[in-house]
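Notes follow once the structure below has been shown.
Side-chain atoms are counted along with the backbone in the values below, which use heavy atoms only and exclude waters and symmetry mates. Just so you know, ligand 1 is whichever comes first in the structure, and atom 1 is the first atom listed for that ligand.
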Amino acid sequence: MKLYNTLTRQVEDFIPHEEGVVRMYTCGPTVYHFAHIGNLRTYIFEDILEKGLKYLGYEVKRVMNITDVGHLTSDGDTGEDKMAKGAEREGKTVYEIAKFYTDAFFDDCDKLNIKKPSVVESASHHINTYIKMISKMLDDGYAYISSGNVYFDISKANDYYQLSGKNSEDLMIGVRDTVEEDKAKRNPADFVLWFTDSKFKNQDMRWDSPWGLGYPGWHIECSGISGKYLGEYLDIHCGGVDNIFPHHTNEIAQSEAYFGHKWCNYWVHGEHLNDQTGKMSKSKGEFLTVSLLEEKGYDPLSYRYFCLGSHYRKVLIFSYEALSQAEAAYKKLKNRIRKLNRTPDLHENKIDYYQKQFQDAIADDLNTSNMLTLIYDVLKDKELTDFTKLYLIEDFDKVLSLDLIEEEKEIDEEIDSYVLTKIEERNLAKKEKNFGLADAIREELLEKGIRLIDSREGTTYEKL
Ligand code: AMP
Ligand code: ZN
């Protein structure tokens, strides 16, 4: 498996710490609002990565957090508290908001065939873990207390800027632009591990700690939860590119300070989905959610197909036109597959060849568009029986998860509803004495292998 590693800025051979086992951590959603389809692009890429690794024979232990506390609008230590903002917007408590949007997130994931990671943990359920980590970092001199908050001292970190490639000067520019410079920090890039003397005095979520009543910073959640469930050596850490700095940079600093050694070898980041105006937003312009796409008549899996058509490291621009094109291609593909003859007749000669090609596409830094192309190659291959094609497509769909193979029952239901609509149209045509149209409908169905049977009770049909 080759993967692009943000840490080294190159495509590398993937070698996990334990042979055949991948310990994978992915940052979860901040549950203050619905996920937009940009967020979901990142989860689709992570889902394909997990399933792709499994296809290659790895056992994947994957953990994800749910951020229900500590995430400020700046991603750093400034701005508003996202959860409190969501609660205020809706006149609910942060707990109600967290529950509602966590459920909504997993509903969206279901619609997009994104598998739920085997471990999903809410950040607010692991306060003692963070307290333990922060206490040790204080004891070891990596952290300090100032004006009531606990800060991480980035000057103690080993190569703090390695992941982002930024330097302290880039950061100083950011700091000069920041209105709310925090005077309590030793270094402007230091970050909060535990808030007590925060500006959010009415914060609902607060816990006792050795440093007073307060709550954890966003970054410590991911270090805490991943360490607790995956141990001190992580193989892959994912997220969107916006997470590289400061979130993942700070996760590395804390985890390596706490464990005392290198923590995670591969950092894999998904590029953003942008709309035509640029950055996707939950507050400005059209808030693009899966439900909105459904309201507009799109199948959520057309969006998955749309995402898979481009590489996860390329910016993808969303437009309804592009989505419609993807939907047309996706539906056409499903139709071609539906027409394949299901009579069992498996020819094994080329199965290995195609499976190897599919593995190569996965191993090529997750080349999803090549994975899709292989489906078309299989369909075109005259040496394969229909049944063998179905076998291979079903196998590839374990990774692609596009519901490419429908159950016989599903197909029947779809045909049934289609024919019934046509019968209604024909009845109406007859009523209006438009016999030409009525006959045309009968002929059209006959061409599709459906014969209409008229009787005094009405019209039924049979499949030829
Ligand atoms: P959040 O709920 O804001 O914590 O973000 C959830 C995930 O979505 C994170 O992994 C982000 O990196 C990712 N993300 C945010 N915006 C986008 C976008 N426009 N396109 C793709 N991923 C995004
Ligand atoms: Zn995280």
Heavy atom of the protein closest to atom 21 (C) of ligand 1 (residue, atom name, distance): G38 O, 2.8 Å

Relative to the ring of F34, is the ring of Y101 parallel (under 30°), tilted (30 to 60°) or perpendicular (over 60°)? perpendicular

Please work out which of the three classes, parallel, tilted or perpendicular, describes the rings of W267 and H237, given edges at 30° and 60°. parallel

For the residue pair D381 and Y354, confirm or rule out a side-chain donor-acceptor distance under 3.5 Å. yes

Please find out if less than 6.0 Å separates the ring center of H71 from that of Y32. no

Please work out which of the three classes, parallel, tilted or perpendicular, describes the rings of F191 and H219, given edges at 30° and 60°. perpendicular

Under a heavy-atom criterion of less than 4.0 Å, does H71 contact ligand 1? yes

Can you list the ligand 1 atoms lying under 4.0 Å from a non-hydrogen atom of P29? 2 (O)

Relative to the heavy atoms of G240, which atoms of ligand 1 are at a distance of less than 4.0 Å? 10 (O), 12 (O)

Nearest to atom 4 (O) of ligand 1, what protein heavy atom do you find, and at what distance? T30 OG1, 2.9 Å

Any heavy atom of H36 closer to ligand 1 than 4.0 angstrom? yes

Once you measure the plane-to-plane angle for H261 and Y233, does it fall in the parallel (<30°), tilted (30-60°) or perpendicular (>60°) bin? parallel

heavy-atom search around atom 3 (O) of ligand 1 in the protein gives K82 NZ, 4.0 Å

Can you find an N or O of Y43 that's nearer than 3.5 Å to an N or O of ligand 1? no

Under 3.5 Å between any N/O of G239 and any N/O of ligand 1: does that happen in this structure? no

Quick one: angle H247 NE2 - the Zn ion (ligand 2) - C27 SG, to the nearest 10°? 120°

May I ask you to list the atoms of ligand 1 that are less than 4.0 angstrom from any heavy atom of N243? 9 (C), 10 (O), 11 (C), 12 (O)

Heteroatom distance test (E271, ligand 1): nitrogen or oxygen, under 3.5 angstrom: no

Residue, atom name and distance, where the atom is the protein heavy atom closest to atom 5 (O) of ligand 1: N39 ND2, 3.4 Å

L273, any N or O under 3.5 Å of ligand 1 N or O: yes

Less than 3.5 Å between some nitrogen or oxygen of E46 and one of ligand 1, yes or no? no

How are the rings of F287 and H33 set to each other: parallel, tilted or perpendicular (split at 30° and 60°)? perpendicular

Parallel under 30°, tilted from 30 to 60°, perpendicular over 60°: which one fits the rings of F396 and F358? parallel

Centroid-to-centroid, Y229 to H126, below 6.0 Å? yes

Evaluate whether atom CZ of F14 has more than 12 neighbouring non-hydrogen atoms of other residues, nucleotides or ligands under 6.0 angstrom away. yes

If you measure from each non-hydrogen atom of D242 to ligand 1, which part falls under 4.0 Å: side chain, backbone, both or neither? side chain

What atoms of ligand 1 come within less than 4.0 Å of a heavy atom belonging to T42? 10 (O), 13 (C), 21 (C), 22 (N), 23 (C)

Check this for me, if you would: do D107 and K111 make a salt bridge, where the nitrogen-to-carboxylate-oxygen distance has to be below 4.0 angstrom? no

